[in-house]
Amino acid sequence: MGLASWLILIPFLTALAVLAVPTRRSDLIRWVALVGTAAHLALTSYTTWAFWQEASPDLVAVRTETVSRVYLVERVPWFESLGIDYLVGVDGVSMSMVILTSIIIFTGVLASWNVVHRTKEFFTLLLVLVTGVFGVFLSFDLFLFFMFYEVAVLPMYLLIGVWGTGRKEYSAMKLTLMLMVGSALILVGFLAMYHANGSTTFDLTKLAQAHFETGLQRWVFPLIFIGFGILGAMYPFHTWSPDGHASAPTAVSMLHAGVLMKLGGYGALRIGVYLLPEGAQYWGLFFMAVTTINIVYGSLGAITQKDLKYFTAYSSVSHCGFVLFGVATLNLMGLKGAVLQMFSHGVMTGLFFALIGMVYGRTHTRIIPEMGGLGKVMPWLAACFYIGGMASLGLPGLAGFIAESHIFLGGFFGNSWTNPILSRTLTVLATLSIVVTAVYVLRGLATVFQGPVRDPHHAELTDATLTERLSTGILVATLVVTGMVPGLLIDLIEGTLFPIVNRLQATGMAIPGHS
Amino acid sequence: MVEYLQSLTPDLNTWLMFTSALFALGIYGMLSRRNAVGVLLSLELCLNAGAVNFALFNRFWSPVQVDGAVMSLFVIAIAAAEVVVAMAIFVALFGYRRTVDVTQLNLVRE
Amino acid sequence: MPDLSFILSHAWLIPALPLASFLLVGLVLRPLHKPLAGAVATAAVFAAAGLSWWLAFDYLHLPKTAGGALPVLVPTSVEWLRFQEGLSVHLGTLLDPISVMLLVVVTTVSALVHLYSTGYLHGEDGYGRYFTFLNLFTFSMLGLVLAPNLVQMYVCWELVGASSFFLIGYYYDRPSAVSASKKAFIVTRFADLGFLLGILVLGYYAFTIHAGMGAAAAGQQALDFAFLTRPDVLSQLQALQGQFLGIGTLTLAAVLIYTGGAGKSAMFPLHIWLPDAMEGPTPVSALIHAATMVVAGVYLVARSFPIFAASAEALQVVMVVGAFTSLFAATIGCTQDDIKRVLAFSTLSQLGYMMFALGVASYEHPLGYTASMFHLFTHAFFKALLFLGAGSVIHAVHTNNIWQMGGLRKYMPITHGLFLLATLAIAGIPPLAGFFSKDEILAAALHSGHTVVFGVGLLVAGMTAFYMFRIYFVTFWGERRLSHLHHQDDHSHDDHSHADPHESPAVMWIPMAVLGLLTIGAGFVPIPEWVRLVPLDGKLPEAHHGVDLAVAIPGTLAGVIGIALAWFFYAGDPQRANSAVLKLGRFYAVIKAKFYFDEIYLFVTKSIIFRLIAGPIAWFDRMVVDGLVNATGWVTRLGGTAVNASQTGQVQTYGSWLMSGVVLAVVVLWATTRQ
Amino acid sequence: MVGQAVANVLFYLIVAVSLWLAWSVVSSRRILRAAVALMGVLGASAGLYLLLGFPFLAGVQVLVYVGGIVVLLVFAVMLTRSQELLEDHPSDLRHKVAVLAGGAFFGVHLWALRGMPSARAPRVSLPASDTEMLGRALLSTGADGYALPFEVVSLILLAAMIGGIVIARKTQPGQAATTEPVHPLAADAALTAAGSAEQLAESAPAPVSPPVREAAHG
C-alpha cells in the first residue's frame, strides 16, 4: 500500500481507534485523535517530500504537455466490468489541498479540545469526514471521487445537527440538501462523460485523453461547475453556508469552510476545466460574471452582519468567489490563484472559526456589538484575529495577497477567446471587494477587540490556553510562511496547472472565429 | 347417475375457480377485518389457497413429480413461522396498546 | 557588478536590520523585557541609519555614467513570486539617487524617532508593541524605497499602510484613535485599489510588450522599473492604441497609479485620513505622517516619472491636484486649534507642493523633478522636528489645544528654540533648508510656464508662514494658560501635570537637536546636483545652479508677510484675531469645519454604502435568495404533505392499493399481450 | 369408476363446505368462531390434497396447519382473555372496499381463466405413496433436490421461534425504552402500556415453541 492510500487510511484508522476507546475516557479519545492527526501531518510532510522528489524533474517537461502527470499512483481494479478502479495518486494541486486539510484537521482537533458532549461520536464523525475529504483529493477515478465526496458531505449533517448551536437542525438539513443537489448535478455530469467516452471508464487520467464532442462539453460543463459551485458557495447557491457555518461547532466550521468548500473549487478545476476545456471556454465569461457577484455581494453582505460567524461566513462567500473566479479565468495565473486562494482561504478561515470558537467559549456571545475591548483581555487571540483579518483583506506578506494578486492578474489578462473588455470590467468590479473587505474586517475587529471593554464581565476573562495557542499558532504560521515564501506552494502546484492551461490554449486555438 | 357424476370430474379451471374464490375471500377478510387476528386468519386462507394451487398444478401438469407438493410443504412451514411471529407481535402489541385494532395502528405515519 | 563596495552590494542589509529586530522584538522580547525591546529596536534602526550613510557615501563616489548621471544599480534581485514567465516579482534593491536619498532620510528620521520614543512612551503598557510596529514600519518603508519593481512597491506600500494603521490605533481603547486608524487604512486602501488597477493595466501592456521583445528583455521582468522606463518600452507604451472611456491606456495606467500615490500622500479629496491620523502617538506622526510614509506617494510618482512624462494628461492631473491640495490644506491650516492637526494640514500642503512640482516637470523642464525631491528631503527633517517639538510640548502640558498652551518659551527653552528653527525653515526663510527647496519648486513652476501654479505656490508659501507662526506665537509666546489641564493627551503618565511644564528629557531633545542641525544643513546638501531627471537618451544637461533671485525674493517676501501677519494677530492683543474671525463669520466656520469633508464622507459611507447598499444586500440575501431556497424546501414539503394524505398508516389501506395494483397489472398484462 | 364418481361428489362437497367455512372465517363477528372455521377450511383442504393424491401432504396439513397453527391462534386469542380481542366490527366503507377488492380479484381471475384451455387430470399411474418421493425430493442435494431450501426453511423457523419468544417476552412498562424494543411501536406504546404487560406476557412464550419445532420437523 502506498503513501496516497495511507493518507486516506490514517484518519479512518484513527476513527476506528477512537471508537475502540471506552466512552468515559474522553481525554484518551482526544489524545487518540490528536496523535492520529499528528501522524497524518507527519505523513503528509513526508509525502510532500516524496512527491517533490518525483515531480520536480518533470517541471520543465510539463510546461508543454496537455495531460497532467500524477505521481505515487496506486491502481487496483475494483469493478472491472464498469471500468471503475481504486485509483489514487498525488499531483501538485491535490498535494497542496492535502497539506491544507492535514493542517486544518490537526488544529481542528486541538480547537475541539473542549467538546464534552458525546466526545467519541464527535471525533469519530470528524475523522470519517476527513477521510472522505482526503479521498476526494487523492482519488483519480471519478467514481471513487464521488464516493469519497459523499462520505465527506454526509457526516456534516450529524456533526451540525447534534453538536451545533442555534437553528442547527434547520441549518444541517439545508446544508445537506443543497449539497446533495450539487452532488446530483455532478453525478449527471460524471455519467454523461462516462457514457460519452467510448471506452466507458471513470479513470480521470484516461478521460483526460479522450476527446468529448463540443456539444457535450457545453452542456456538461455547467452541470459540473454549478454542482461543485454549490459546494464552493457560488451565488445564488451560497445560502447554506452562512447558516451552516453559524450553527456548526468550531472544528466543523473550520473543516467546512476551510476544506470542504475547497472541494468545490478543486472539482471545478480538476474535473470541469481539465476534462471539458471547450465547455469551460464557452461558459468561462458567464461564470466569471456570476462569481464576481459572489465576490462583491459576499463582502457587502458581511458589512452589516452582527454575528461573528455569519460575518466570517459571508466573507467566506466572497473569498470562495475568488476561487471560482480564478478557475473561470482559464489562464495560468487565474488557475494558480484559485489554488492558492483555496489554500490561503482554507487556513485563514480555519483560523477565524477556531478563534471565534475560542472567543465564544469565553464570552458566550458571538454578537459583535456585545463585545468590545477584548484586545486588552485576550491579546493572543486578538493578535491572531488581526493577522487573520489582515490576510483576509489581502495584506502582502500574508497568504491572501499572493492568491488575490494572481487572480486579479489572471482576470485582467484574460485569454484569447474571451472579450477582454468584459473580463477586465468584471475583474475591476471584483477588485472593489478588497476595499469592502477592509471595511468590514476592520469594523468587525475594531468593535470586538478595540475600544473600551464593553461588558464588565469580559474584563475577567483569560487569554488562550496552551492548546489554543498551539492550534492558532500553527495556522498563523502557515499564513505567514505562505505569504512570505509563496514559491514553496507555487512550485508545488504549477506543474499540474501547465497541462490544464495548455489544453485550454490548444482548444482555444481550434475555436473558429476567435483570434 | 354414476356416469353423470363421473362426467363432473373437475377440470383445472374448476379447481382454480375454487382456489381463487378462496383467495378472494381471504382478500376480503384481510381488508375488512379490524381485528389483527382476524386479518391473520384471512391471510391464512390466502396462503392455504396458494398451497392448494401448488399441489394442483403439480397434479395436473407434472403428475410424476412432487415439486409442487414440496412447495406446498414449504408454504405450510412458512405459514407456521409467520403465525408464530405475528401472534407474538399481537400479544406484545396488546400489552402496550390494549388493542389490536389495525385501524388504530397507524403510528408508522407519524 | 563585482566592483561594488560591500554596502552597495549588500544594500538589502538596511531593510533587513529592522525586519530582524521586528521579529526579535515582536516575538521574543516584547513580552519579556520592555526596556530591552525599545533598546534593541532603536539600536537596529540606528545601525541601519549608519549603513545608509555609508551606502550614500559609497554611492556618491561611484563613477558617473557617460551622460554624467549617477548610475542606477540593482545589486540584489531574488525571485519571490512567479506569476508567469516574464512576470515574476523579484525582491531586491534598486539604488538610484532618489532611493539613496530617501534611504538616508527614512533611516535617519526613523532612528531619531525611535530614540525620541524611548523617552516619550517611557513606562507605557504598549511600549513593546509600539516598537514592534515602528520597526515593521521602518522595514516596510525601506522596502518601498528600495523597490526595484511595481509589485514590491505595492507590497511594501500595503505594509506601511498596515503598520501605520496599527500605530495610529496604538491607544486602542480610545474610540477616536480606533476610528482614526480605520479611516486611515480604509481611505488609503481605497486609493491602493487604484494603484492595484494601475499595476494590472500597466502589467498587461508591459507584459505584452515584454513578450514581444523576446531576448531583448531577457533578465528583466515586465513590472521592473528598469524595464518600464526603458526608452523603447516607453515608446511602445505610448504608441498603444487602447482607449478606455476616451482616455489613453498609458494615461489611464498613470492616473490609476497616481491614485495610489494620492491616497498615501493624502491628496485632495483623499486627504481626510491624515488629520485624523494624529490620534497616534506624536513620534508616529513625526515619522510616518510627516517625514516618510506620506511622501511615498510623491516618491511613487517620481520613481515612475518616465511613465508620467509620457502622458501629458497624467502630469496635468498630478499638477492640478497637487496645487489645489496645497492651497486647500493651507487654508484649513489657518483655522485649526489642535497643534498636531495644524501640522498635519501643513504636511498636506507641503505634499501638495511636492506633487505639483512633479506635475510641472517634464523632460524639457526637468527642474520640477529635482525640486520636488529636494523639498521631500528637507521637509522630512523640519517637519519631523516640528512634530517632535509638538510632541515635546504635548508631553509637557498634556494637551493638544494651542489655546491651552502659551508662554512656553520660558519653561522649555530648547524645545522653543528648535521649534522656532523648524518654523522658520518651513516658512522659507533663508538660509534654512525650506528656503532652498521651496525656491526650487517655485522656480520650476515659473520656468516651465505654469504661472498660475507659481502664484498658488507663492500664496501658499505666505499662508504656510502665517499659520505656522500662528501656532508658534500662541504656543510659546504670551501668558501661560495651562493652570487647569485636561488630560486628553495621548499618554498616560501624568506625574508632572500640575507642576510647571518643564523641558523634556535629553533622550527626547537630543534627537530634536540633531534634526535641528539637519534643518539648518539640509539646504546646503547638493541634492539638485545629484538628483536629476535623466533624459531618455541618458545625457544630462547642465545643472541649474544657485538661487534665482526673481523667485527667491518674492518667495521670501511671502514668508515674511505671513510671519508679520501672524505676529500682528497672535503675538500681541488676542482681540485682533478674534475680531478678524468674527468678520470672516460663516466663511471661517466652514474652513474650520474643514469644508465639511469628513461629514460628506461619513454620509457617503454610513448612509449610502451601509444603509443603501450593504443593508439591502444583507436583507436581499436573507429574504430573497435564501427565501427562494426555503421556498423550494417549502414547496417540496407541500408536495410531500399532499402525497402524505394517501399514507394513512393503516395496513388495510395499503392492502387495498396493493390489490388495485395487482388487478391493474393483470389487466394491463392481458391488454398488452392479447393478440 | 364409482370411485371417480364418489371423488367428484366429495370434491363438490368439500368445495361447498370450504367456501361456506371460508365465508364465516372472514365474516364472523367472533374471532374464536372464525378461527374454528379456519380450522375447518384447512381440514377441508387436507381432503382436497387427498383427492389430488397427496396423502402425506394432507397429513402434514392436518397435523401442522390444523393441529398446530390454528390451535396456536386459538390459544393466543383465548389466553389474552380479552373481550376486545374476540370481537370484530368491520365498518361499512371498509366492507365495501374489501368487497370491491376481493370481487375484482376474483373477477380478473375468472376472466383470465375463461380464455384458458383447461386440463383434465391426466390418467397416469400414480405412485403408491407421495411420502417417499417427497422425502427424496426434500433431502436430495441433486439438481432437482430441495435440501438447501429445506434447511433455509429450518433456519427461518428457528429465527421465527426465537423472534416470537423475544417479542412476546415479559417487558416491564418502565423498561420498554431501555431493553431494545423489537417492535417500532414499542417505544411510543410504553407510555400507554400502564401495567398491562404482565397478564398476557406470562402466557405468551409457552405456546409459542412446540408447534414451531413440530413444523420444523414436518
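Lettering of chains follows the sequences in order, A, B, ..., and the numbering in each one begins at 1.
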Cut-off 4.5 Å, heavy atoms of chain B, and the answer for D:Leu134 is both

Please tell me whether D:Gln4 and D:Asn8 have a donor and an acceptor in their side chains that are separated by less than 3.5 angstrom.
yes

Give, as side chain, backbone, both or neither, the part of B:Leu56 having an atom under 4.5 angstrom from any heavy atom of chain D.
both

Is it the backbone or the side chain of B:Met87 that comes under 4.5 Å from a heavy atom of chain D, or both, or neither?
side chain

When the ring planes of B:Phe74 and D:Tyr146 are compared, do they come out parallel, tilted or perpendicular, using 30° and 60° as the limits?
perpendicular

Under 4.5 Å from any heavy atom of chain B - which part of D:Val9:
side chain

Portion of B:Gln65 that has a non-hydrogen atom of chain D nearer than 4.5 angstrom:
backbone

For B:Ala49, is it the side chain, the backbone, both, or neither that has a heavy atom closer than 4.5 Å to a heavy atom of chain D?
neither

Among B:Val83, B:Leu41, B:Asn58, B:Leu40, residue most engaged with chain D (heavy-atom pairs, under 4.5 Å):
B:Leu41

Most contact-rich option vs chain D, by heavy-atom pairs under 4.5 angstrom, among B:Ser42, B:Gly29, B:Ala69, is B:Ala69

Would you confirm whether the ring centroid of D:Trp111 sits within less than 6.0 angstrom of the ring centroid of D:Phe106?
no

B:Ser32 and D:His95 have their tightest heavy-atom pair at CB-CA, 4.4 Å

What part of D:Val15 is in contact with chain B, defined as an atom under 4.5 angstrom from a non-hydrogen atom: side chain, backbone, both or neither?
both

Under 3.5 Å, side chain of B:Ser72 to main-chain N/O of B:Ala51, donor-acceptor pair present?
yes

Smallest heavy-atom separation, B:Val84 atom then D:Met161 atom, equals CG1-CA, 4.5 Å

Taking side chain as everything from C-beta outward and backbone as N, CA, C, O, which of these in D:Leu113 sits under 4.5 Å from a heavy atom of chain B? Side chain, backbone, both or neither.
both

Given the options D:Gly163, D:Ser45, D:Ala137, D:Gly103, which has more heavy-atom pairs under 4.5 Å with chain B than any of the others?
D:Ser45

Would the distance check show the side chain of D:Arg33 and the main-chain N or O of D:Ser28 forming a donor-acceptor pair, the cut-off being under 3.5 Å?
no

If you round to the nearest 0.5 Å, how far is CG of B:Asn35 from CZ of D:Arg29?
12.5 Å

